[in-house]
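Lettering of chains follows the sequences in order, A, B, ..., and the numbering in each one begins at 1.
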Amino acid sequence: MQNMEISWAFRELADLLEFEGEDFFKIRAYRRAARAIAGLEEPVEEMYRRGTLAGVPGIGKNILAKIGELIATGEMKKLQELRRKWPPGILEVMALPGIGPKRARFLHEQLGITSLAELEEAAREKKVRALRGMGVKTEQEILRSIELVRSRRGRILLPLAREIAGEVATFIQDVPGTRKVAVAGGVRRWRETVDEVRLVAAAEDPEPLLNALAGYRRVREVLERGENRIRVLTWWGVPVELEVAGPGAYGITLLRATGSAEHWRQLQALAARRGFCLDEVRDGPGSEGVASVPPVPGAPLPQEEEDIYRRLGLWPVPPELREGRGELELFAGESPPRLLEVRDIKGDLHVHSDWSDGANSILQMVQRARERGYRYVAITDHSRSLTVARGLSLERLQEQHRLIRELNEKEKDFRILTGTEVDILVRGGLDFPDEVLAGMDVVVASVHSGFRQDEETMTGRVLQAIENEYVTIIGHPTGRLLGEREAYALDLERVIEAAARHGKILEINSSPDRLDLNEHYARLARDCGVRLVVNTDAHDLRRLDEIPYGVAVARRAWLRPEDVVNTLDLPDLLELLGKKT
DNA sequence: GCCGTTTTCGGCCCGACTGTTTTCAGTCG
């Protein structure tokens, strides 16, 4: 049983207990355990067997026993009981913004609401506004939230999609007859969210592979099946499509299945102009999988994607760029553009520690940064106003910076930069005075409050931060949380223009639920002469490893290493920040 | 629920905002 499944079980348990009105601290303990399990680097099952699981913070006797139960039987009695007791739809109701456990329970008791659909109907019939404690605004807010949820339904974040893709690909790889298997589609292109996972395999005979996937233990049902293609619904609720190509057609099948549709269309048009044809792989009763790039006389049929690009007179286009946004022209030149890569990143300028709401110590974070091959890392814990995140008081901040200076004396070939993630306050201004900010290496300024302000007010707050001479970076500039919270109202074009004027750096936050700036604005910023930084905003060790998600955004924005400041070596970075070495 | 060389029991989670109300419950970061 996978860590993720065990983690999910505890999260669901916590949600259901919350609905029941169970003790807050008990629920929080289950949530903590769920997070701890998700953050483990080894399989829970092994740790359980070896007896090392009991040492994990947040996992005590009771939760350990439940994990044991899950591993042994695949089920958890307590969770099953709760699932029998409450309809599954109540969790969706409870997840609506503005609806918590109390209101979900209240709606259930008063109106018999057990699902989003029922809630929507009740709201439309104006039954919600009649309830005590709720009014017209709440009712309308509910309808708006349901709309939002509907629009994103079925879309999942990239890390889950990648995990599913990896697991299914590994499974297919081991099926006898499989020559190769690769992840395609939006996952391979590193899109922000995806609604399916696509795989392409090479084999002489597709049959055994299709059968294997149809019978895979995490497959709930077969949605479609053709001669060389199968689409299944998985345990995670995400469809997975597998296409099997004959060995000669693998490259072109992978190319088409990776997409995007527009990129493929442009490739076909280019091929046509060059006098040959990129054929669709045909699928369906009575047709064999056929793919062809009619060979140039004497040349072999290209079997690899890269060779197909070359045959078309292009440098191979990295999957992240295949969106039909002009990348064919970009890769038609004399030499291919040098885009940002993960190995260019020399440090992380937005990292939290256990001084505020991070899970690990400064030294642990530093150690991990070193292991990643970084040369520097900025510790940027929250500022005093953000009490929920245990924001640092002035005294604690100065104490932390003293500690960092001491630690630096022992560090060789590595530099811990002092910093803060300073709150941009609700009424404008920053959470620490200028003279304090002046003494730090890195000042990340971020919005964490007043999300519902109008565009003028919010833009004003951010512009004010940009105009502060001691601010270096604007953190997660739009505040969006993918699938959870829309970006706040912000005139980003004005923000970008101001950042360019004041020489401020805008962040590409790598956290897969943020990806903020997104690729569109990252590119606009670069084109306006703004420098960017790819940071993780890591709150624990594992999340330091999320940098590839931010790098993917940068690549999809066509950024080169020189557009991104944390590709600089330390002396150059310090010079840019206006700090002495 | 978990945790603890000050504790095996009593902490752990706080303050602002919102929409609903005439004093506050519920939600959220």
query: Looking at A:L430, A:V422, A:V443, which hits side chain to side chain contact (heavy atoms under 4.5 Å, CB included) with A:N468?
result: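 Going through A:L430, A:V422, A:V443 one by one, the side chain to side chain contact (heavy atoms under 4.5 Å, CB included) with A:N468 is satisfied by A:L430 alone.
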
query: Checking side chain to side chain contact (heavy atoms under 4.5 Å, CB included) against A:I466, which of A:E497, A:R461, A:R501, A:H502 comes through?
result: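 That would be A:H502.
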
Can you figure out which of [options] approaches the side chain of [X] most closely?
{"X": "A:P97", "options": "B:dT20, B:dG1, B:dC28", "value": "B:dC28"}
{"X": "A:T138", "options": "B:dG1, B:dG19, B:dG26", "value": "B:dG19"}
{"X": "A:N62", "options": "B:dG26, B:dC2, B:dG29", "value": "B:dC2"}

- request: Mind telling me whether A:W8 and A:W235 have parallel, tilted or perpendicular rings, with 30° and 60° as the class edges?
  value: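 It falls in the parallel class, under 30°.
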
task: Name the orientation class of the two ring planes belonging to A:W86 and A:F19 (parallel below 30°, tilted from 30 to 60°, perpendicular beyond 60°).
output: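 Rings of A:W86 and A:F19: perpendicular, over 60°.
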
query: Charged N to carboxylate O below 4.0 Å: is that the case for A:E546 and A:R514?
result: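 No, this pair does not count.
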
Under 5.5 Å and under 30°: A:F25 stacked on B:dC2: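 A:F25 ring does not meet the centre or angle cut-off for B:dC2; no stack.
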
Nearest-angstrom distance from the residue atom CD1 of A:I99 to C1' of B:dT18: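 Nearest whole value for this atom pair: 13 Å.
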
message: What is the distance, to the nearest angstrom, from the CD1 atom on A:I142 to the C1' atom on B:dT20?
response: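 One finds 13 Å between C1' of B:dT20 and CD1 of A:I142, rounded.
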
- prompt: Of A:L386 and A:V426, whose nearest nucleotide on DNA chain B comes first from the 5' end?
  reply: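 Closest to the 5' end, via its nearest nucleotide, is A:V426.
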
field: DNA chain B: 5'-proximal contact among A:G98 and A:R427 (nearest heavy atom)
entry: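 Whichever sits nearer the 5' end wins; that is A:R427.
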
Reckon [X] touches a base, only the sugar-phosphate, or nothing at all at heavy-atom distances under 4.0 Å?
{"X": "A:L481", "answer": "nothing"}
{"X": "A:V136", "answer": "sugar-phosphate"}
{"X": "A:R28", "answer": "base"}

message: Does the structure show a Watson-Crick or G-U wobble partner for B:dT8, both distances under 3.5 Å? Name it, or say none.
response: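 In the structure as shown, B:dT8 has no Watson-Crick or wobble partner.
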
Nearest-Å distance once atom [atom1] is located in both [N] and [M]:
{"N": "B:dT8", "M": "B:dC12", "atom1": "C1'", "result": "16 Å"}
{"N": "B:dT20", "M": "B:dT27", "atom1": "C1'", "result": "13 Å"}
{"N": "B:dT6", "M": "B:dG11", "atom1": "C1'", "result": "14 Å"}
{"N": "B:dT7", "M": "B:dC3", "atom1": "C1'", "result": "10 Å"}
{"N": "B:dT23", "M": "B:dG19", "atom1": "C1'", "result": "13 Å"}
{"N": "B:dT21", "M": "B:dG26", "atom1": "P", "result": "13 Å"}

- request: Would you tell me if any nitrogen or oxygen in the side chain of A:K61 comes within less than 4.0 Å of OP1 or OP2 on B:dC3?
  value: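 Negative; the distance criterion is not met.
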
- prompt: If only side-chain N and O atoms of A:K78 are considered, is one of them under 4.0 Å from the OP1 or OP2 phosphate oxygen of B:dG1?
  reply: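 Yes, because at least one side-chain N or O of A:K78 sits under 4.0 Å from OP1 or OP2 of B:dG1.
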
